[in-house]
Amino acid sequence: MNQESHTFDPHVIQERWLSVWDEIEPFNSAKENDLREKKYVLDMFPYPSGDLHMGHAEAYALGDVIARYWVQKGFNVMHPIGWDAFGLPAENAAIKRGENPRTWTYANIATQKASMRNYACSFDWQRVLNTCDPEYYKWNQWFFLQMYKQGLAYRKASAVNWCTSCQTVLANEQVVAGLCERCDSVVTKKNLTQWYFKITDYADRLLDDMQQLEGNWPDKVLLMQRNWIGKSVGAEVEFEIEGLSKSVTIYTTRPDTLYGATFFVVAADSDLALELVRGTSVEAEFHTYLEKVKQTSEIERLSTTREKTGVFLQRFAINPVNGEKLPIYASDYVLADYGTGAIMAVPAHDQRDLEFALTFDLPIRIVVESDENPITSRTATSDDGIHINSGSLNGLNTSQAIEKVIEELAKENKARKSVNYRLRDWLISRQRYWGTPFPIIHCPACGEVPVPETELPVQLPDASGLDLSPKGSSPLGAAKDWLEVPCPECQGPAQRDSDTMDTFVDSSWYFLRFLDPNNHEKPFDSQLAKEWLPVDQYVGGVTHAILHLLYARFFTKVLFDMKLIEFNEPFTRLLNQGMVLMDGSAMSKSRGNLVALSDELAKHGVDAIRLSMVFAGPPEDDVDWADVSPSASKKFLARAWRLAHDVTSEPGTDPREGSVEVRRLTHKLMHEAGLAVESYRFNVAVAKSMELVNGIRKAIDSGVSTSDPAVREGVESLAILLSLFAPYTAEDMWQVLGHPPTVMLAGWPTIDQALLVEDTVTCVIQVLGKVRDRIEVAADISESDLIAQALETEGVKRHLVGKNIKTV
RNA sequence: GCCCUUGUGGCGGAAUCGGCAGACGCGGCGGACUCAAAAUCCGUUUCCGAAAGGAGUGGGGGUUCGACUCCCCCCGAGGGCACCA
């Protein structure tokens with residue numbers, strides 16, 4: 001062995017193997033006649049906003065552990081990658097640099113792709129896709145048209161979320177605490193006619209099918225989805241309006257408190273409010289109020305300290321249970337788009353109603369008994385209790401009263417059980433350039449006309465010559481040559497829809513396109529979907545817990561109903577990796593990348609960075625790079641690598657002829673490492689590899705020959721285990737051990753169960769739950785012998801001055 | 001405000017089942033090699049105590065022969081939702 005072979009230089013090793021792997025393609029999942037069982041491991045695809053950063057390095061290191069493990073276990077693993085390439089950052093960068101978003105995007109994709117290759121991601125490079133390729137977004141348009149035909153895509157006018165900075169509308173899910181998810185700017189309301197997907201039709205299935213995911217998805221994500229869908233069970237109740245031949249329906253979860261209603265509120269921005277106020281003397285006052293409401297920003301509206309506001313509409317609603325006249329107010333604390341946009345107000349038992357009552361000096365009537373008095377405490381009581389002041393409901397508890405009042409009112413057709421959801425339809429229009437154009441033509445004579453499927457894709461016109469700056473309407477509106485087309489139906493002059501689709505449409509089905517990314521006939525092949533899907537393991541950030549995952553689940557259900565696929569949940573198992581922090585603060589493009597991945601890779605090598613990411617802690621926890629020591633990882637890899645050089649036997653020796661001690665260690669640790677990987681305890685699996693290195697080194701130091709076949713077996717196992725975290729080092733070790741490449745396909749060693757059973761065990765002896773002594777005994781010792789021996793130990797004798805009652 | 005998660009050495013973290021707390025690593029300390037340093041290797045490292053021994057998994061209580069693990073209350077940290085009637 002020469003001098004050079006004992007110096008571990010990660011960069012030399014990296015140079016050695018990249019081109020070899022390119023040739024072997026160990027992770028090509030589409031080879032002919034591959035009989036291995038299939039598994040689909042998917043990493044959330046990246047946005048090409050620049051080169052890879054520390055966050056990518058963590059995510060892909062983790063995804064790789066799983067993918068590489070299943071390959072070693074003998075599966076044909078599909079682990080594809082692509083780019084989520086449409087969207088605002090490209091457009092904003094292009095505006096800033098006076099560049100074309102297309103040029104910028106493809107340049108970044110090339111950079112990231114090269115970095116991923118160097119990072120040794122186990123991606124199947126045959127299956128790459130970019131969502132901004134017409135070949136891809138053609139199918140967004142196709143899906144849109146299918147959904148349009150089924151009434152699942154529709155256009156409506158309503159007050160929508162408007163980002164004042166991006167100058168575009170946002171989906172409900174993209175408004176975070178009143179601010180734009182992307183740029184943190186103030187969000188206001190704007191009345192616009194926009195495209196929606198009818199995700200609310202699927203609310204119940206999105207909720208119910210989560211049962212399948214229980215235990216396989218993080219509880220946190222399931223809970224967030226449940227809360228987001230927000231199913232609520234209650235009743236609708238009819239209230240007559242005095243002096244109008246009209247009744248108004250309200251929604252309530254507490255119909256039992258009907259006797260406690262002392263006023264009535266309609267959403268200020270609802271059509272109902274307009275209708276009710278018409279002809280009264282407060283019309284002008286109402287409109288002034290309405291204007292003020294419309295200008296209120298989301299954050300202001302949501303402020304908890306904000307005083308309740310409203311206008312008395314000079315109308316009265318008749319309470320169906322007792323005929324009382326309730327004054328009707330218009331206020332912004334009632335939402336126009338939830339329930340019916342109108343409520344009965346029960347100030348004693350609803351905090352919001354109580355605050356309104358206190359502000360407007362309205363009566364408060366207690367109808368459910370409680371220790372606290374809402375009038376004096378200024379806190380509404382919402383607990384269950386015995387009903388009082390409630391006519392026929394007196395003496396009943398809450399659930400009994402709910403049943404009874406609905407039953408009674410139902411006889412007069414004045415109430416019925418009802419279910420509501422927080423979930424709103426998915427607003428998919430965006431007033432920006434870099435996205436999928438809607439395949440719809442607006443004709444003055446025929447209305448909305450779908451572009452014929454044979455004419456798809458509707459390609460984006462070139463950006464040059466277009467003003468992409470945000471101005472509240474789509475830049476495509478100015479592309480006259482593109483915009484103005486004959487109507488497909490009447491051939492008269494018509495215009496394309498100039499908005500583009502939310503990029504979450506792109507990512508709602510990309511996992512299907514990977515099956516067949518070059519299929520020109522259809523979005524994907526149903527037979528391939530049957531073979532590969534659903535995704536066995538999905539890996540990505542928890543930031544997508546609601547948006548992306550909800551939308552992808554929705555798409556899956558729609559495709560299921562279209563009979564294109566036979567499963568109704570897309571991702572069987574989900575792992576949310578944590579974030580990479582530096583000294584406690586998040587690293588991101590906007591906050592400045594505190595640590596540059598490229599610098600770290602240059603300093604320590606790819607394997608040391610990957611190993612550090614995996615070893616830092618449980619994958620779902622955040623990693624603080626300040627707590628991580630990549631140089632220690634490098635040191636460990638060098639130690640493992642040197643061990644391979646110490647092996648002096650030839651490949652193919654029979655390990656059964658070697659040291660039993662070393663074999664025990666190897667088999668036990670490999671067994672535990674496998675279990676650790678399967679239960680996402682990757683950091684523990686790394687620890688096992690360290691124990692293996694330490695153990696073999698110690699064995700050699702204490703006299704086991706370097707030519708012992710068990711030493712070879714141990715180091716070979718080590719190389720296979722390390723191939724999950726440190727592929728370059730593992731491959732080099734494999735070569736040093738005398739094997740041809742590649743260690744990636746070496747196969748997980750078979751664990752000899754007999755070696756997992758010890759001959760002797762250390763028995764710990766406790767007295768009153770405290771460890772008092774320990775003895776080395778044969779593993780098959782009888783209970784009576786063990787008890788006898790235990791009673792003879794010093795530690796036990798010392799602590800048994802009294803008498804013993806039980807022994808275990 | 002409501003909901004969820006979490007709390008273990010100086011630090012990151014281990015501990016399938018209720019059964020040796022602190023695996024593995026960082027950092028620290030001591031040593032070997034070296035003229036010296038780097039690299040490497042060995043030992044040690046929860047706390048109190050010289051030792052015997054005792055205490056110890058945020059705090060308090062409970063169940064149990066036995067609790068980091070299960071139950072109740074409290075405190076701290078992180079996250080989600082936030083006028084959804």
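Throughout, a chain's letter reflects where its sequence line sits, starting with A, and its residues are numbered from 1.
For the C1' atoms, the distance from B/G12 to B/A23 is 13 Å, rounded to whole Å. Comparing the same atom, C1', in B/A36 and in B/G53 gives a spacing of 46 Å after rounding to whole Å. Nucleotides B/C3 and B/A82 are separated by 16 Å at their P atoms, to the nearest Å. The gap from the C1' atom of B/G13 to that of B/G25 amounts to 9 Å, rounded to the nearest Å. Comparing the same atom, C1', in B/G22 and in B/C68 gives a spacing of 11 Å after rounding to whole Å.
Taking 3.5 Å as the limit, the base of B/C83 and the side chain of A/K308 contain a donor-acceptor pair of atoms between them.
Positionally, the nearest nucleotide of RNA chain B for A/A632 lies more toward the 5' end than for the other of A/A632 and A/N420.
When both distances must be under 3.5 Å, the Watson-Crick or G-U wobble mate of B/G30 is B/C42. When both distances must be under 3.5 Å, the Watson-Crick or G-U wobble mate of B/A67 does not exist.
Per the geometry, CD belonging to A/E691 stands 12 Å off P belonging to B/A15, to the nearest Å. Taking atom CG of A/L611 as the reference point, atom C1' of B/G12 lies 14 Å away to the nearest angstrom. Taking atom NE2 on A/H349 and atom P on B/A85, their separation rounds to 17 Å, with Å as the unit.
Geometrically, A/R422 engages A/W228 in a cation-pi contact, judged by NZ or CZ lying under 6.0 Å from the ring centre and within 45° of the ring axis. The cationic group of A/K308 lies under 6.0 Å from the six-membered ring centre of A/Y333 and within 45° of the ring axis, placing it in a cation-pi geometry.
Checking side-chain atoms of A/H667 against main-chain N and O of A/L756 turns up no donor-acceptor pair under 3.5 Å.
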